[in-house]
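If you're wondering where the values come from, they're calculated on a predicted model, not measured in any experiment.
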Amino acid sequence: MKFNKIKNHLEKRLVLLEAHLNKIDRELSNKVVGDGVEVSANVKVINENVVDKIHNEVRLINLALDQMVEGSYGICRYCGKLIAVEQLERFPYSQQCASCRNH
């Protein structure tokens, strides 16, 4: 596979993100149940925002990994041209080439 380096990076990032989600979940559970202390509304909102961002990144990683399996990874979803490898190395979730992104 020509994107092995990117694929390995995405898989490692996915493991880290999933571990982070589990940690947040455990911390929230411990603060509410274990200590009997209510988590403030602000902390809940902050954690929900963080969790939403993590879930979005997980979704993008899974999309990229699925595209690698299908053979459509690195192809612009708008014009069908190849996305530059340099762009994919910097932004592995890229779904559009630089030309389409700038329009």
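- Not one N or O on the side chain of Asn56 forms a donor-acceptor pair closer than 3.5 Å with the backbone of Asp52.
- Looking at residues two or more places apart in sequence or on another chain, you find no salt bridge (charged side-chain N to carboxylate O under 4.0 Å, His left out) involving Glu18.
- Side-chain contact check for Ser94 and Gln87: at least one donor-acceptor pair (N or O, by modelled atom type) lies under 3.5 Å.
- The closest side-chain heavy-atom distance from Val50 to His20 is below 4.5 Å.
- Two residues are said to be in side-chain contact when any heavy atoms from C-beta on lie closer than 4.5 Å; Asn62 and Leu10 fail this criterion.
- Rounding to the nearest 0.5 angstrom, the gap separating the CG atom in Leu21 from the CD1 atom in Ile54 is 4.5 Å.
- Counting only heavy atoms from C-beta outward, the side chains of Glu57 and Tyr93 approach each other to under 4.5 Å.
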task = Mind running salt bridge (charged side-chain N to carboxylate O under 4.0 Å, His left out) on Glu11 and Lys7 for me, showing each step along the way?
result = CA-CA 6 Å; Glu11 289 172 338; Lys7 182 178 184 269; 2.9 Å; yes
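- The side chain to side chain contact (heavy atoms under 4.5 Å, CB included) test applied to Glu89 returns Ile6, Val85, not counting sequence neighbours.
- Side-chain contact check for Cys79 versus Ser99: every heavy-atom pair is 4.5 Å or farther apart.
- Counting heavy atoms from C-beta on, the side chains of Val51 and Asp25 never come closer than 4.5 Å.
- The shortest distance between side-chain heavy atoms of Pro92 and Tyr73 falls below 4.5 Å.
- In the hydrophobic clustering of ILVMFWY residues, with side-chain heavy atoms under 4.5 Å counting as a link, Ile75 and Met68 come out apart.
- Taking CZ of Phe3 as the reference point, atom CD of Gln67 lies at 10.0 Å (rounded to 0.5 Å).
- Residues forming a side chain to side chain contact (heavy atoms under 4.5 Å, CB included) with Tyr78 (at least two apart in sequence, or on another chain): Cys76, Gln96, Cys100.
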